[in-house]
Peer 1: 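Before I ask anything, let me first share the structure, which is written out below as C-alpha cells.
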Amino acid sequence: MRRSSEELIRDRERLLGPNVPTFYTEPVHVVMGEGVWLWDADGRRYLDCYNNVPHVGHCNPRVVDAICRQAGTLNTHTRYLHDTILDYVERLTGTMDAALNTAIMTCTGSEANDIALRMAEAVTGRRGIIATDATYHGNTALVSQLSRSNVPSVGFGLDQFFRFVPAPDSYRDPDPDGTRFADAVAEKIDELNKTDSGFAALVICPFFLNEGFPDHRDGWLKPVAQTVRKAGGLLICDEVQSGFGRTGTHFWAHQKMGVVPDIVTLGKPMANGHPVGGVATGAETMKAFRSAFRYFNTFGGNPVSCAAAMAVLDEMEDNNLMANAKTVGEHARARLETMKRKFDCIGDVRGSGMVFGAEMVADRDSKAPAGEFTDRVINEMRARHPSFQAGTPQEHAENPPSDAVLHRQRRPSVRHAGGGSGASTVDRMNAVVEGALALWGMDGATTALIAARENQVYRVDHEGRAYALRLHRQGYRSNRELWSELQWMDAVSRGGIQVPTPIASASGEFLHVVDGIQIDVLSWLSGRPMGRTGEALEVADREGLFRNLGREMARLHQVCDRWPLPQGFTRCAWDRQGLVGAAPLWGRFWDNPALSPADRRLFAAFRRAANAHLTRENVMIDGGDLKFIDFDDGGFGFRLFDLATTLVKNLREPDYHALRAALLEGYRQVRAIDTGPLDLFIVLRSATYVGWIMTRMDETDSDIRSERFIGTTRILADGYLINRGDVSVR
C-alpha cells in the first residue's frame, strides 16, 4: 500500500532519524522521471529546473541500457582486471589538460574531496587547507570541516587545519580581475605557515556555485592560482557541480576560469545518478598519494559504474549537450533580465549555461539579501505551478540557481533547426547552408527551402543535378542515430527500394555538424506527394495504388529483415516502451492536457506496442513508381504498425475499406502477415499523434489539430473496445 506524504515524513523520521532534509515546506513525493520531467504520486508533472544529478535526463535510455547490459555481464571491484575502468579514465582525462593524466574512481564526491586533501598532504608534507566561507564539499569527517553553513560541533580536532576567506561577491563587492581574492588567500597562507600545519592546498569550486556563482570574466582564477603555486601549495578544483559542460562554454569550469588545477574532484552528475565520483590528477601527485596511503575502494570504478559514466559522455557528445546548455542558458537569462525590469525584488541576474539565476533583494539600493522572501517564492512556485520545480540551497536562499539536467532542453518557442528568431536566425541558417555546401564541394549551388517541419530541407541544384540538404532539428536525434539512419537508407536503396540515397561529402562522411547543427545530403527523388493530410485523396486508380503500396511496403520489410546491422547501429524501437512506456517516442498521449476525464480513461485501455512512420506526404508517385522519402522516425517493431500508419491517414476516404483490402492484398502478394490485430495498431497509431502534438502547442492551429487527433482516437478506441466485447470505459 502506498504511503501518504504525511506517513512518508513520519516514517522517514522513525526509520532514518530526525533532521533528514527535504526540499520545500511541503515535500514532493516523486515516483517517476523522464528527461527533464518528474511525476509525483498524484500524477502531476514537474519540469525539473534544479536537480543537478541526472545530468543527461532522468532515466536516460542510453545510461539505463548501459547499466543493465553491464550488470548482466560482470560487476566486480578493481582488484580484478577489467577494461571498463581504464577505457573510462582515458576518456575522462582526455577532456582535461595533458598534465591531468591519472584518476581514482570513488562512489561519491565526498570521498573524492577527502582523497584530494590527503593527496595535498602527501605531496607537500603539510596539512593546512584554505576554502571560502560559504562553500560545501562533502560529508566525511575531514571534508565536512570545509562547511561554514553547518559547522561540525565535533570533529576530532580537525578544525585546526582549516582557514577561510570571504566568498567572492560580484554583485555587492566586485573584484574584476581576481587580485583581491588572491590577496585574501595569501593572508591565510601566511597565517597557516606560522603554525605547525603549514599550507597544503586551496580547495574551491571554480565557478563558486554554492557561493551564488558570482559573475566573473573568463580567466578570473589566474591570480589566485599563481599565489597558491608560489607558496608551494596545490590548487584543488571541485568540479562536482560545475563540470561536465554545465557552464555551456567549457567542459570544465576551471578551463573557463583559466587555470589547470593540480587536482580535480568529481561526483554527482558523472553517471546520471548512479553513485560515481572521481579524482583526476598528475602522475607524480598520484604516485605520492599511492605511496603514502594504502587506498582501496570496493565499489569505486566497478564495471557497472564505469559503463554508466561512459554512457553519459557518449550522450553529451552525440547530442551536443554543452552547446545546448549555452543556448538554453542564454535564453533563460534573457527572460530573467526581462523580469528584472518589471520587478524590483530582482537585484541581479547572472550565470553561464545551465547555471543561471536571479538574486532576490529587499531593495536594490542596499542590496540586502531577501532570504525569507526567496524561500517563500520557491515554495509558492511549487504550490501554484505544479508543472515547475525550482530550488535553492538553504544556506544561500537569496541566490536561487538553476543547474538543471542538460537533457535535450530547448527554447519552447523554437520550431526550426537552429534556434533563435528573426533576421539573426535567417543569417545563421544561411551561413550553415553555405558551410554545408562547401563540405560537399557544391560551392555556388542554388538552394531553396522546401520544408521546415521536424527538419529544414533545402533543394540544392548543382551542376545539373538536384539534391536534398537536411538541417536536423537540434537535440532531436544523436549523431549515432542519424549515422544509423543514413546506413539504413543506403542499405534499403541498394536493396532495390526507391528511397533517397545518402551522398558522401568531400571527406567521405555522410554526416557533418556545422555550428552545432547536424547536416546530411541525399539524392533528390522526383515525383509528387501521394496526398496531403486532411485533404481528399485525388488519384485515378485508387485501389491499384494501394495494392502497389502494399507490395512496396512488403519489399521494404524484406530488405530490412535481411540486412545485417553494422556495428554501432542504433535506432528507436516501436515496441511497448517506445509507444506506451514511461517515455514514448512521440509523447505520453494519455497526458494530453486537452483530454477530458472520460478520454483519459478510454485512452488508458490502449497502451500497447507498435512500429514505424509512413504518412501520405512521405510516399512519392512518379509515373507508376512509388518512392519512400522519410526515415527520420523509422524504428524497429511490429510490421502491422507500418500498415496502420498508412491506413489511419485514409480513414475518412469514402472507399476506405476497399483501399484497406487492396493494401493488404498487395502486401500478401510479397509476404505473409497476420492482420488479426490490425485494428488495435490503427488505434495505437492514431494515439501517437495525440502525444506528438503536445510538444507543438505553440504552433499555429495546434489546438485544432489536437482536438482532431483526440476525436479520431476517441472514435477508434471506443469502437475497438466494443468490437472486442469489452465494456466501454467511457
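Quick note: residue numbers are just sequence positions, from 1. Just so you know, these numbers come straight off a predicted model, no measurement behind them.
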Peer 1: Could you tell me whether the side chain of Cys560 reaches within less than 4.5 Å of the side chain of Val492, counting heavy atoms only?
Peer 2: yes

Peer 1: I want to check something: taking the side chain as every heavy atom from C-beta on, are Val328 and His331 in contact at a cut-off of under 4.5 Å?
Peer 2: no

Peer 1: Do the non-hydrogen side-chain atoms of Asp48 and Val36 ever get within less than 4.5 Å of each other?
Peer 2: no

Peer 1: Can you see whether Lys256 engages Thr249 through a side-chain donor-acceptor pair at a distance of less than 3.5 angstrom?
Peer 2: yes

Peer 1: Please walk me through it: do Leu100 and Val264 pass side-chain contact (heavy atoms from CB on, under 4.5 Å)?
Peer 2: CA-CA 8 Å; Leu100 300 165; Val264 178; 3.9 Å; yes

Peer 1: Could you pull out the closest heavy-atom pair between Thr265 and Ala112, with the gap in Å?
Peer 2: CG2-O, 3.6 Å

Peer 1: Check whether Arg246 reaches the backbone of Asn52 with its side chain - one donor and one acceptor, N or O, closer than 3.5 Å.
Peer 2: yes

Peer 1: Angle class for the Tyr689/Trp692 ring planes (parallel below 30°, perpendicular above 60°, tilted otherwise)?
Peer 2: perpendicular

Peer 1: Flag the pair Leu437 / Val433 as yes when at least one side-chain heavy-atom distance between them is below 4.5 Å, and no otherwise.
Peer 2: yes

Peer 1: Under a 3.5 Å threshold, yes or no: a donor from one side chain and an acceptor from the other, between Glu90 and Tyr88?
Peer 2: no

Peer 1: In Å and rounded to the nearest 0.5 Å, what is the CG to CG distance from Asp218 to Leu221?
Peer 2: 10.5 Å

Peer 1: When you compare the side chain of Leu439 with that of Glu509, does any pair of heavy atoms fall below 4.5 Å?
Peer 2: no

Peer 1: Is a donor on one side and an acceptor on the other found under 3.5 Å between the side chain of Thr78 and the backbone of Gly301?
Peer 2: no

Peer 1: Can you name the one residue among Asn320, Asn319, Leu321 that meets side-chain contact (heavy atoms from CB on, under 4.5 Å) with Ser478?
Peer 2: Asn319

Peer 1: Is there a donor-acceptor pair under 3.5 Å between the side chain of Glu34 and the backbone N or O of Cys59?
Peer 2: no

Peer 1: Keeping Ser493 on the side-chain end and Met489 on the backbone end, is there a donor-acceptor pair under 3.5 Å?
Peer 2: no

Peer 1: Using only atom types and a distance under 3.5 Å, with no angle test, would you say the side chain of Thr247 pairs donor to acceptor with the backbone of Gly243?
Peer 2: no

Peer 1: Starting from the C-alpha separation in whole Å, work towards a yes-or-no answer on salt bridge (Lys or Arg N to Asp or Glu O under 4.0 Å) for Asp490 and Arg494.
Peer 2: CA-CA 6 Å; Asp490 184 61; Arg494 287 186 282 104; 3.0 Å; yes

Peer 1: Is it the case that Asp443 and His462 place a side-chain donor and acceptor less than 3.5 Å from each other?
Peer 2: no

Peer 1: Under 3.5 Å, side chain of Ser523 to main-chain N/O of Thr501, donor-acceptor pair present?
Peer 2: yes

Peer 1: Any heavy-atom pair between the side chains of Val648 and Phe681 that's under 4.5 Å?
Peer 2: no

Peer 1: How about Arg705 and Ser702: does a side-chain donor come under 3.5 Å of a side-chain acceptor?
Peer 2: no

Peer 1: Could you walk me through whether Leu522 and Tyr467 pass the side-chain contact (heavy atoms from CB on, under 4.5 Å) test, one step at a time?
Peer 2: CA-CA 6 Å; Leu522 309 174; Tyr467 304 89; over 6 Å; no

Peer 1: How far apart are the closest heavy atoms of Val89 and Ala103, and which atoms are they?
Peer 2: CG1-CB, 3.8 Å

Peer 1: Can I get a per-line list of side-chain donor-acceptor pairs under 3.5 Å for residues 62-74, giving both atom names and the distance, sequence neighbours left out?
Peer 2:
from, atom 1, to, atom 2, distance (Å)
Arg62, NH1, Asp314, O, 3.1
Arg62, NH1, Glu315, OE1, 3.1
Arg62, NH1, Asp318, OD2, 3.2
Arg62, NH2, Asp318, OD2, 2.9
Asp65, OD2, Arg69, NH1, 2.2
Gln70, NE2, Leu74, O, 2.9
Thr73, OG1, Arg69, O, 2.9

Peer 1: Checking Val513 against Ile519 for the side-chain contact (heavy atoms from CB on, under 4.5 Å) test, could you report, in this order, the C-alpha distance in whole Å, the side-chain angles of both residues, the deciding distance, and whether it holds?
Peer 2: CA-CA 6 Å; Val513 178; Ile519 299 173; over 6 Å; no

Peer 1: Nearest 0.5 angstrom please: Leu556 CG to Ile497 CD1, how far?
Peer 2: 5.5 Å

Peer 1: Going by an N to O cut-off under 4.0 Å, is there a salt bridge joining Arg671 and Asp561?
Peer 2: yes

Peer 1: Got a second to check how far Met257's CE is from Trp252's CH2, nearest 0.5 Å?
Peer 2: 15.5 Å

Peer 1: Got Thr447 and Arg459 here, is their nearest side-chain heavy-atom distance under 4.5 Å?
Peer 2: no

Peer 1: Using only atom types and a distance under 3.5 Å, with no angle test, would you say the side chain of Gln456 pairs donor to acceptor with the backbone of Leu449?
Peer 2: no

Peer 1: Are the side chain of Asn272 and the backbone N or O of Val312 linked by a donor-acceptor pair below 3.5 Å?
Peer 2: no

Peer 1: When Val670 is tested against each of Glu552, Arg551, Met553 for side-chain contact (heavy atoms from CB on, under 4.5 Å), which residue passes?
Peer 2: Arg551

Peer 1: With rounding to the nearest 0.5 angstrom, report the CG to CH2 distance, Leu47 to Trp37.
Peer 2: 4.5 Å

Peer 1: I want to check something: taking the side chain as every heavy atom from C-beta on, are Phe709 and Ile693 in contact at a cut-off of under 4.5 Å?
Peer 2: yes

Peer 1: Measure across Cys237 and His254 and return the closest heavy-atom pair with its distance rounded to 0.1 Å.
Peer 2: SG-CB, 4.0 Å

Peer 1: With rounding to the nearest 0.5 Å, note down the distance linking SG in Cys306 to CG in Asp87.
Peer 2: 9.0 Å

Peer 1: Taking the six-membered ring of Trp524 as reference, does the NZ or CZ atom of Arg465 fall below 6.0 Å from its centre and within a 45° cone about the axis?
Peer 2: no

Peer 1: How about Ser484 and Gln487: does a side-chain donor come under 3.5 Å of a side-chain acceptor?
Peer 2: no

Peer 1: From His274 NE2 over to Ser305 OG, what is the distance, rounded to the nearest 0.5 angstrom?
Peer 2: 3.0 Å

Peer 1: How far apart are the C-alpha atoms of Met96 and Phe251, what are their side-chain angles, what is the distance that settles it, and do they pass the side-chain contact (heavy atoms from CB on, under 4.5 Å) test?
Peer 2: CA-CA 8 Å; Met96 302 178 185; Phe251 202 90; over 6 Å; no

Peer 1: Give a yes/no verdict on a cation-pi contact between Lys268 and Phe244, requiring under 6.0 Å between NZ or CZ and the six-membered ring centre and an angle within 45° of the axis.
Peer 2: no

Peer 1: Run the salt bridge (Lys or Arg N to Asp or Glu O under 4.0 Å) test on Arg91 and Glu317 for me, step by step, so that the C-alpha distance in whole Å, both residues' side-chain angles and the decisive distance to 0.1 Å come before the verdict.
Peer 2: CA-CA 12 Å; Arg91 176 93 174 269; Glu317 179 180 340; 3.1 Å; yes

